[in-house]
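If you're wondering where the values come from, they're calculated on a predicted model, not measured in any experiment. Chain letters run A, B, ... following the sequence lines, proteins first and then strands; every chain starts at 1. We use all heavy atoms of the structure for the numbers below, so side chains are in, but hydrogens, waters and symmetry mates are not.
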Amino acid sequence: MAKIKIHLPDNSIREFDQEPTILEVALNIGARLAKDTVGAFINDEKEIQDFRQKLKDGSRIKIVTLNSIEGREVIRHSAAHVMAQAVQELWPDIKVTIGPVIDNGFYYDFDTPRPFTPDVLEKIEKQMQEVINRDLEIVREEWTSEKAIALFTKMGEKFKVEIIRDLNVPSVSLYRQGDWLDLCRGPHLQKTSQIKAFKILSIASAYWRGDEKRESLQRVYATAFESKPELERHLHNLEEAKKRDHRKLGKELGLIFFHPFSPGGAFFTGKGTIIFNQLQNYMRELYKEYGYQEVITPQLFDVEMYHCSGHYDNYRDNMYFTETDKGQHSFKPMNCPGHCLLYASDLHSYRELPIRFADFGRLHRAERSGTLHGLTRVRSLTQDDAHIFCTMLQLQSEIKSFMQFLTRVYETLGMNKYTVYLSTRPPKRLGSDDVWDKAEDALTEALKALNIPYTVNPGDGAFYGPKLDIMFTDALDRPWQLGTLQLDFNLPERFELKYIGDDNKEHRPVILHRAILGTLERFIGVFLEHTAGKLPTWLAPIQIQILNLTDRQKDYCEMLVKSFRANNIRVHFDDRVEKLGFKIREGQLQKIPYLVIVGEKEVETKTISVRLLGGEQKNALDLNQFINTLNSEIGGRLNKSPLAELKQEVSH
RNA sequence: GCCCAUGUGGCUUAGUGGUAGAGCACACCCUUGGUAAGGGUGAGAUCGUGAGUUCGAUUCUCACCAUGGGCUCCA
């Protein structure tokens, strides 16, 4: 009889008399490996398979062990089962539903007659530990769907019954640990004691199958890792995220404010507005370089325009309308229709294209009340929005230019980790395949030409065109969608936009919707969290705070203030009669990049002493030199203070 | 929008069926001090809004408003 051959990653081959399970292959390699085996990837597939799975002849496998990052998924799968078991041991009347693995952990949804309270979490956690300590073997069983339905019906687990019915397959897998069992596809660990580190995080409510008309369930969020240090690191990140929350920072640093009279409407204080304007000015500067013209378009439009653009039909739920004796109007939720009107106001030759309209117009979107969230989800917003009207032939160079523009901005801002997603044609779409081919090719070619790695999201494009989404990964590894570029064949059609080609005939231009920072409100929120509020000097509302030791240095300090102001540096003089330590503490908490400290020594030597946000000190600096250094830092929009590198010439 | 939780001086918060205490911030006074909080005094709150229960509500009930967490990720 022919042997079954299994291929390993190092290209070696193991032979078996009959189809082995993943675990048997591991055992064949070594006992220790077998002990830690939790599953495997088969034939480069993306999903981990259960170690109990039998392997066909010729399979190529990559074993996943308990201590690997890939193994987390299996640990979390089993931890979810342990949670469900613990809950049902504590409260037998609670019904289980589903418990999937998510990005940084897992959750389990329960149908309970009593909503969970925070103290319940502790109980569940304790009980889970007990289940784990029992060191239960996890066993996989194959049942016919019919038998499984009978079993779960008898147990009163109506959600499981519903799942099996909907699956509509002849047989299902059940996993048993001790006297508890659950319907599950797997994969799972060998035994419960392999869960070494877990933590229950929070409770929330959710609906069965995400449908608000169905049962409301209690969801318990938790996480599990292969080791205690890894879990600790994750918990630390969560803590850090809380500290960096832009709503908290925005309040502490006096940047933003919200009032119940305008939910989703951010107020920017004087300080916050400086950040906003600095970002806007930066984009404006680059617009000149990249050939954009900034335009201003109206806030309020006759609804007729939105019938024309299609927003009335497709976006009206998110729009604000106003009905007066002058007719029905709407606040613009997007700039594009206005830009189309502007474009159409004149006859254009192909020689003029591409035409790039940039617009910082304020937009209003009626986001659902439950989705509002600080600056990252607002109803009144501003984007670094622009629309490029161009020919199909110009697409590629425009996309290239956009990506170069974006890369430059992100790098300047110290946002070095981001991923580009290319979303291609959805099933329901507008325009011919020929046009889609060209558009998708243009996007792909531009990315390739610039050597930008990207991931394809097949079928995820807008109905009017394919798009690029730029996901920024912040300092705590959280992804945020900021920049975007969307091709649009629809609006040019609806607004009957045209240009005269070199054949003296009318042609349709293509529109590129694009933003680099995206929504400025949202961007500022994300950026505050990314930097933990330690803004680069060019963005800092107060760049220098002068601290005097005593009243006797006041005149000298006033002189410094004038010098800094004359150099366009944002300075504040803290002249309160307080101890130096007190003033320094406040300056540090306010995350002011430079604290200039002035005592008798400085006055006498006509120098300044500077304390950087990191705590480093530079004493006896020459004022003009310092201003020059600062100007180069601010003008160059540097992320790091050149002063930190500066060798100290004189010391006290 | 829906579910759950929360809402007490500017901020962070304690607390109670008999109308509230603290810390920070603020004002004034003392202190003029060299790298993350010096001391004292004082002012400041109809306890989110409205209604109900009660002799009496900030506290209990209901409604509303806002905020927070969650609502795609397939057993």
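A 4.5 Å side-chain heavy-atom check between A:Lys95 and A:Lys158 finds every atom pair outside the cut-off. Side-chain contact check for A:Phe331 versus A:Leu363: every heavy-atom pair is 4.5 Å or farther apart.
Under a cutoff of 6.0 Å and an axis angle of 45°, A:Arg219 and A:Tyr107 form a cation-pi pair.
When the C1' atom is compared between B:A27 and B:G17, the two are found 37 Å apart, to the nearest whole Å. A gap of 11 Å separates the C1' atoms of B:G48 and B:U6, to the nearest Å. Nucleotides B:U13 and B:A51, compared at atom P, are 29 Å apart to the nearest Å. One C1' atom belongs to B:C26, the other to B:G9, and the distance between them is 11 Å to the nearest Å. For the C1' atoms, the distance from B:G50 to B:G38 is 48 Å, rounded to whole Å. Separating the C1' atom of B:A36 from that of B:A43 is a span of 29 Å, rounded to the nearest Å. A distance of about 27 Å separates the P atoms of B:G52 and B:A45, rounded to the whole Å. If you take atom C1' in B:G23 and the same atom in B:U19, they sit 23 Å apart, rounded to whole Å.
Across all strands shown, A:Lys583 has no heavy atoms under 4.0 Å from either base or sugar-phosphate atoms. Residue contacts for A:Arg209: at a heavy-atom cut-off of 4.0 Å it reaches no nucleic acid atom on any strand shown. Residue contacts for A:Arg576: at a heavy-atom cut-off of 4.0 Å it reaches the sugar-phosphate backbone alone, with no base atom in range. A:Ile98 comes within 4.0 angstrom of the backbone, heavy atoms only, and of no base. Nucleic acid contact class of A:Arg219 (heavy atoms, under 4.0 Å, all strands): sugar-phosphate only. Residue contacts shown for A:Glu600 include a base, since a base heavy atom lies under 4.0 Å away. Within the 4.0 angstrom heavy-atom criterion, base atoms lie near A:Leu589.
Under a 4.0 Å N-O distance rule, the pair A:Arg244/A:Glu240 qualifies as a salt bridge. A salt bridge does not link A:Glu616 to A:Arg611: none of the charged side-chain nitrogens sits closer than 4.0 Å to a carboxylate oxygen. Salt bridge A:Asp469/A:Lys467: present, at least one basic N to carboxylate O contact under 4.0 Å. Taking a cutoff of 4.0 Å between a charged side-chain nitrogen and a carboxylate oxygen, A:Glu162 and A:Arg209 qualify as a salt bridge.
Residue order along RNA chain B, read from the 5' end via each residue's closest nucleotide, puts A:Asn548 first among A:Gly581 and A:Asn548. Comparing A:Ile597 and A:Asp551, the nucleotide of RNA chain B nearest to each residue sits closer to the 5' end for A:Asp551.
Rounded to whole Å, atom P of B:A36 lies 8 Å from atom CG of A:Leu580. One can place NZ of A:Lys618 at 18 Å from P of B:U35, the figure rounded to the nearest angstrom. A:Arg368 has its CZ atom 12 Å from the P atom of B:C71, to the nearest Å. Taking atom CG on A:Leu217 and atom P on B:U72, their separation rounds to 12 Å, with Å as the unit. When the C1' atom of B:C74 is taken as reference, atom CG of A:Asp109 falls 12 Å away, rounded to whole Å. Rounded to whole angstrom, the span from the CD atom of A:Glu616 across to the P atom of B:A36 amounts to 13 Å. For the pair A:Leu167 CG and B:C74 C1', the computed distance is 8 Å after rounding to whole Å. In this structure, A:Phe258 places its CZ atom 14 Å from P of B:A66, rounding to the nearest Å.
Remark: the backbone N or O of A:Cys184 is not paired with any side-chain donor or acceptor of A:Asp182 at under 3.5 angstrom.
For a distance-only test at 3.5 Å, the side chain of A:Glu602 qualifies as a donor-acceptor partner of the base of B:G34.
Checking the phosphate oxygens (OP1, OP2) of B:C71, a side-chain nitrogen or oxygen of A:Tyr221 falls inside 4.0 Å. The side chain of A:Arg585 places no N or O atom within less than 4.0 Å of a non-bridging phosphate oxygen (OP1 or OP2) of B:C24. For A:Lys251 and B:U12, the shortest distance from a side-chain N or O to OP1 or OP2 is below 4.0 Å.
Nucleotide B:U6 is matched to B:A66 when pairs are restricted to Watson-Crick or G-U wobble geometry with both distances under 3.5 angstrom. When both distances must be under 3.5 Å, the Watson-Crick or G-U wobble mate of B:G52 is B:C60. With a cut-off of 3.5 Å on both pairing distances, B:U35 has no Watson-Crick or G-U wobble partner at all. Across all strands shown, the partner of B:G1 is B:C71, judged by Watson-Crick or G-U wobble contacts whose two distances both fall under 3.5 Å. Base pairing annotation: B:G23 forms a Watson-Crick or G-U wobble pair with B:C11, both donor-acceptor distances under 3.5 Å.
Closest approach to the A:Pro263 side chain among B:U35, B:U67, B:G33 is made by B:U67 (side chain taken as heavy atoms from C-beta onward). The side chain of A:Ala206 sits closest to B:G70 out of B:C74, B:U31, B:G70. With B:G38, B:U32, B:C73 as the choices, the nucleotide that has an atom nearest any side-chain atom of A:Phe582 turns out to be B:G38. Comparing B:G70, B:A36, B:A66 against the side chain of A:Gln588 picks out B:A36 as the nearest. Distance from the side chain of A:Tyr107 is smallest to B:C73 among B:A36, B:G69, B:C73.
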Checklist entry - Does the side-chain hydrogen bond (donor to acceptor under 3.5 Å, both in side chains) test come out yes or no for A:Glu137 and A:Gln177, once each step is laid out? => result CA-CA 6 Å; A:Glu137 195 188 341; A:Gln177 51 200 45; over 6 Å; no
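Within residues 369-376 of chain A, the residues that place at least one heavy atom under 4.0 Å from RNA chain B are, in residue-number order, A:Ser369, A:Gly370, A:Thr371, A:Leu372, A:His373, A:Gly374.
Remark: A:Pro170 pairs with no residue by the side-chain contact (heavy atoms from CB on, under 4.5 Å) rule, at least two apart or across chains.
Residue pairs meeting the ring pair (Phe, Tyr, Trp, His ring centres under 6.0 Å) criterion with at least one partner in residues 156-177 of chain A, sequence neighbours excluded, are A:Phe159-A:Trp208, A:Tyr175-A:His188.
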